[in-house]
Novice: 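Next up is a structure, given as structure tokens.
The figures that follow rest on heavy atoms only: side chains count, while hydrogens, waters and symmetry mates do not. One-based numbering along the sequence shown.
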Amino acid sequence: MESVKFINMNAKHSSIFLLALIFVLILASANAKIHEHEFVVEATPVKRLCKTHNSITVNGQYPGPTLEINNGDTLVVKVTNKARYNVTIHWHGVRQMRTGWADGPEFVTQCPIRPGGSYTYRFTVQGQEGTLWWHAHSSWLRATVYGALIIRPREGEPYPFPKPKHETPILLGEWWDANPIDVVRQATRTGGAPNVSDAYTINGQPGDLYKCSSKDTTIVPIHSGETNLLRVINAALNQPLFFTVANHKLTVVGADASYLKPFTTKVLMLGPGQTTDVLITGDQPPSPYYMAARAYQSAQNAAFDNTTTTAILEYKSPHHSNHSHHHSKGALKKKTKPIMPSLPAYNDTNTVTAFSKSFRSPRKVEVPDEIDQSLFFTVGLGINKCPKNFGPKRCQGPINGTRFTASMNNVSFVLPNNVSILQAHHLGIPGVFTTDFPGKPPVKFDYTGNVSRSLWQPVPGTKAHKLKFGSRVQIVLQDTSIVTPENHPIHLHGYDFYIVAEGFGNFDAKKDTAKFNLVDPPLRNTVAVPVNGWAVIRFVADNPGAWLLHCHLDVHIGWGLATVLLVENGVGKLQSIEPPPLDLPLC
């Protein structure tokens, strides 16, 4: 249900004022619309891999509904929780300027929506175009509670590339043949790594290589000669993924709702949370081709789901353009077998590096060159010794008698449980969090080398780091080899940032600063920090609020690989966060 809202005028206002107001509204909004949606979160029977699960969905759909808006539009989404779990919805990559109350991470910007409760998310998307997505931000609910958020240019404005004939969202997901909440709860009990998933999915379907799946394989139609846009989203819970299409080149034109200087590639790598917009041209002999995705696995000796999900790129003859997304039943069943692409080896870091080095903004951009706050955050795993009152069953971490954990700068993040950080900050409630998150590691060490065991156990805490409004910020994100090095997709809420450099080994300001791209670096909301390496991001802290910075592998955020950047209000209303909505859920 969509509506364009006009301001209600009563008759006694002069018509001149009315005309002037309408003129201003038209100029200011340039057709900006308000889109109203209702999301009902509820358990729904979903059958995959021969077995039906009562999965948590939005509006009974898996994946959830695709929201389509134009740059400048406002979304009003009423979320009603009819499930048995707490829930929140995060609008991944939306800047949320001054509307941090609508960001969604549980106990960071709001208390969760309790079973039976509801909350309305209201926010305007301004200056962002491309593909974002939305997902639950509470426990592991996002395994099935997610969907695409498509932002087209303002009405009447073109794409900065030839207009594609058709557009298809490609949501890469991860499926457990179990209740995902039970999977994470079991891991929390044992202190070990959670069970790996049983399938990956494309638009909710595992595809032909899994049992009981081929009749529902996702079909992506294309006509010979036409160029289409694929909006690829990695919505998997815990796995970076390679994506490719047999015999077809992909031209990357955008990522995380920012345009890029186009480049052509055979394969994409997306960390969870990342999106990539690619053009694909129907320039091959008309026969079916598989699109496929499988794991990029950078951690050593860690179990992972090594299966492959597929969809079918199907050439349509121009006369019957039925853009159906399932196999037509009946006589046409004797189809030719689709051509299978080759995918990179699971641990092919070289392909990942070459791919990420190709990212550039379309033109020169305004990167902060003077830095006011320079931060250095280690990101990585850790282990806790077994607490005295825990039996061996509860300490099945990587070394006998330990439990898995994770940290940034040796602080393992603990969420509050009775009020959100943003509420505590806004209302001045003491005792909820502290602002002493360190700006650099408390101990300097050889981050990617052989790390002394004495540094493996972090300190738990609910610590935030304060940023002054308008300050120009640089953060070095440094992977560590504690337990195992790994590629970590680090996501910052409320901001896009420039990735000015990436590299391997330990970041060395003296020699690595020379490698910074301060001309046309890409603008992203999630950076894949290289395994055993580092990435440097820059942004201006122009959005007041409490913004979660975390690894988007849900297993790691549960272990504490997160912190909060607390951006203070500036001067006056336009540099301050809006007051909280009246229906903000109470704890």
Side-chain angles (χ1 to χ4, degrees), residues 48-49 140 142-144 146 170-178 180 183-184 187 192-211 213 218 232-246 250 265-276 290-311 340-356 381 398 404 406 479 483-491 526-533 551-558 561:
R48 296 290 184 276
L49 311 181
W140 275 23
R142 78 171 181 85
T144 52
Y146 64 88
I170 303 286
L171 289 121
L172 308 175
E174 198 168 5
W175 179 263
W176 274 261
D177 198 17
V183 175
V184 67
N195 289 342
V196 301
S197 54
D198 297 284
Y200 300 111
T201 57
I202 296 178
N203 294 350
Q205 293 296 339
D208 293 354
L209 306 183
Y210 299 88
K211 60 185 180 184
S213 299
T218 295
V232 187
I233 300 166
N234 186 350
L237 223 72
N238 294 319
Q239 193 64 56
L241 294 166
F242 289 117
F243 173 85
T244 189
V245 182
L250 304 171
T265 181
K266 291 289 296 171
V267 63
L268 313 177
M269 196 290 286
L270 297 91
Q274 295 187 316
T275 75
T276 308
Y290 276 126
M291 302 178 162
R294 77 173 189 186
Y296 164 48
Q297 179 65 8
S298 60
Q300 295 151 4
N301 308 320
F304 68 101
D305 176 350
N306 63 0
T307 62
T308 304
T309 179
T310 57
M340 189 71 194
S342 64
L343 278 144
Y346 295 114
N347 63 352
D348 186 350
T349 293
N350 291 346
T351 291
V352 173
T353 306
F355 178 66
S356 67
L381 304 184
F404 266 112
D479 186 30
V483 183
T484 172
E486 188 166 358
N487 182 295
H488 293 279
I490 303 294
H491 171 48
T526 304
V527 55
V529 176
V531 54
N532 242 328
C551 180
H552 216 280
L553 306 173
D554 276 32
V555 52
H556 293 175
I557 187 178
L561 215 173

Novice: What's the separation between atom OG1 in Thr276 and atom CZ in Phe355, rounded to the nearest 0.5 Å?
Specialist: 5.0 Å
Novice: For the side chain to side chain donor-acceptor pair (under 3.5 Å) test, which of Thr349, Thr351, Asn347 pairs with Tyr296?
Specialist: Thr349
Novice: Dump the intermediate steps for side chain to side chain contact (heavy atoms under 4.5 Å, CB included) on Tyr146 and Ile233, then the final yes or no.
Specialist: CA-CA 11 Å; Tyr146 64 88; Ile233 300 166; over 6 Å; no
Novice: If you count heavy atoms of other groups shown closer than 6.0 angstrom to CG of Asn301, is the number above 12?
Specialist: no
Novice: Quick one, Val184 and Pro194 - any side-chain contact, counting heavy atoms below 4.5 Å?
Specialist: no
Novice: Within the side chain of Asp177, is there an N or O that forms a donor-acceptor pair under 3.5 Å with the backbone of Asp198?
Specialist: no
Novice: I'd like to know if the side chain of Gln239 pairs up with that of Gln297 as donor and acceptor (distance under 3.5 Å, no hydrogens or angles considered).
Specialist: yes
Novice: Where do Val183 and Ala178 come nearest, in terms of heavy atoms and distance?
Specialist: CG2-CB, 4.1 Å
Novice: For side chain to side chain contact (heavy atoms under 4.5 Å, CB included), just list the numbers for Thr307 and Leu209, CA-CA rounded to whole Å, side-chain angles, deciding distance to a tenth of an Å, and then say yes or no.
Specialist: CA-CA 8 Å; Thr307 62; Leu209 306 183; over 6 Å; no
Novice: To the nearest 0.5 Å, what is the distance between CG on Leu172 and CZ on Phe243?
Specialist: 6.5 Å
Novice: When you measure from the side chain of Asp479 to the backbone N and O of Glu486, does any donor-acceptor pair fall under 3.5 Å?
Specialist: yes
Novice: Any idea which heavy atoms bring Ala236 and Leu241 closest together, and the distance?
Specialist: CB-CD1, 4.0 Å
Novice: In chain order, what residues pass the side-chain contact (heavy atoms from CB on, under 4.5 Å) check against Ala246, with sequence neighbours excluded?
Specialist: Tyr289, Ile339, Pro341
Novice: Return yes if some donor-acceptor pair links the side-chain N/O of Asn234 with the main-chain N/O of Leu270 below 3.5 Å, else return no.
Specialist: yes
Novice: Considering only heavy atoms from C-beta outward, does the side chain of Pro272 approach that of Leu237 to under 4.5 Å?
Specialist: no
Novice: Between Glu174 and Asn238, what is the shortest heavy-atom contact and its length?
Specialist: OE1-N, 2.9 Å
Novice: Restricting to non-hydrogen atoms, name the atom on Ala528 and the atom on Gln274 that form the minimum distance, rounded to 0.1 Å.
Specialist: N-NE2, 3.7 Å
Novice: Less than 4.5 Å apart, any side-chain heavy atom of Tyr290 and any of Thr244?
Specialist: no
Novice: Could you pull out the closest heavy-atom pair between Leu343 and Ala292, with the gap in Å?
Specialist: CD1-CB, 3.8 Å
Novice: Taking the six-membered ring of Tyr200 (Phe, Tyr or Trp), confirm whether the NZ or CZ of Arg294 is under 6.0 Å from its centre and within 45° of its axis.
Specialist: no
Novice: Do Arg48 and Thr201 come close enough that some side-chain heavy atom pair is under 4.5 Å?
Specialist: no
Novice: Compare all side-chain heavy atoms of Asp305 with those of Trp176 and state whether any distance is below 4.5 angstrom.
Specialist: no
Novice: Indicate the ring-plane relationship of Phe304 and Tyr346, choosing parallel, tilted or perpendicular according to the 30° and 60° boundaries.
Specialist: perpendicular
Novice: Just verifying a value: how many Å separate Ile202 CD1 and Leu171 CG, rounded to the nearest 0.5 Å?
Specialist: 10.0 Å
Novice: In Å and rounded to the nearest 0.5 Å, what is the CG to CG distance from Asp554 to Leu561?
Specialist: 12.0 Å
Novice: Can you name the closest pair of heavy atoms from Ser213 and Pro206 and give their distance?
Specialist: OG-CG, 3.8 Å
Novice: Please lay out, stage by stage, how Phe404 and Val483 fare under the test side chain to side chain contact (heavy atoms under 4.5 Å, CB included).
Specialist: CA-CA 9 Å; Phe404 266 112; Val483 183; 3.9 Å; yes
Novice: With side chain to side chain contact (heavy atoms under 4.5 Å, CB included) as the criterion, how do Tyr210 and Thr309 come out once you've worked through the C-alpha distance, each side chain's angles and the decisive distance to 0.1 Å?
Specialist: CA-CA 8 Å; Tyr210 299 88; Thr309 179; 4.3 Å; yes
Novice: As an exercise, state the distance from OG1 of Thr484 to CD of Gln300, rounded to the nearest 0.5 Å.
Specialist: 4.5 Å
Novice: Give, for atom CE of Met340 and atom OG1 of Thr308, the distance between the pair rounded to the nearest 0.5 Å.
Specialist: 5.5 Å
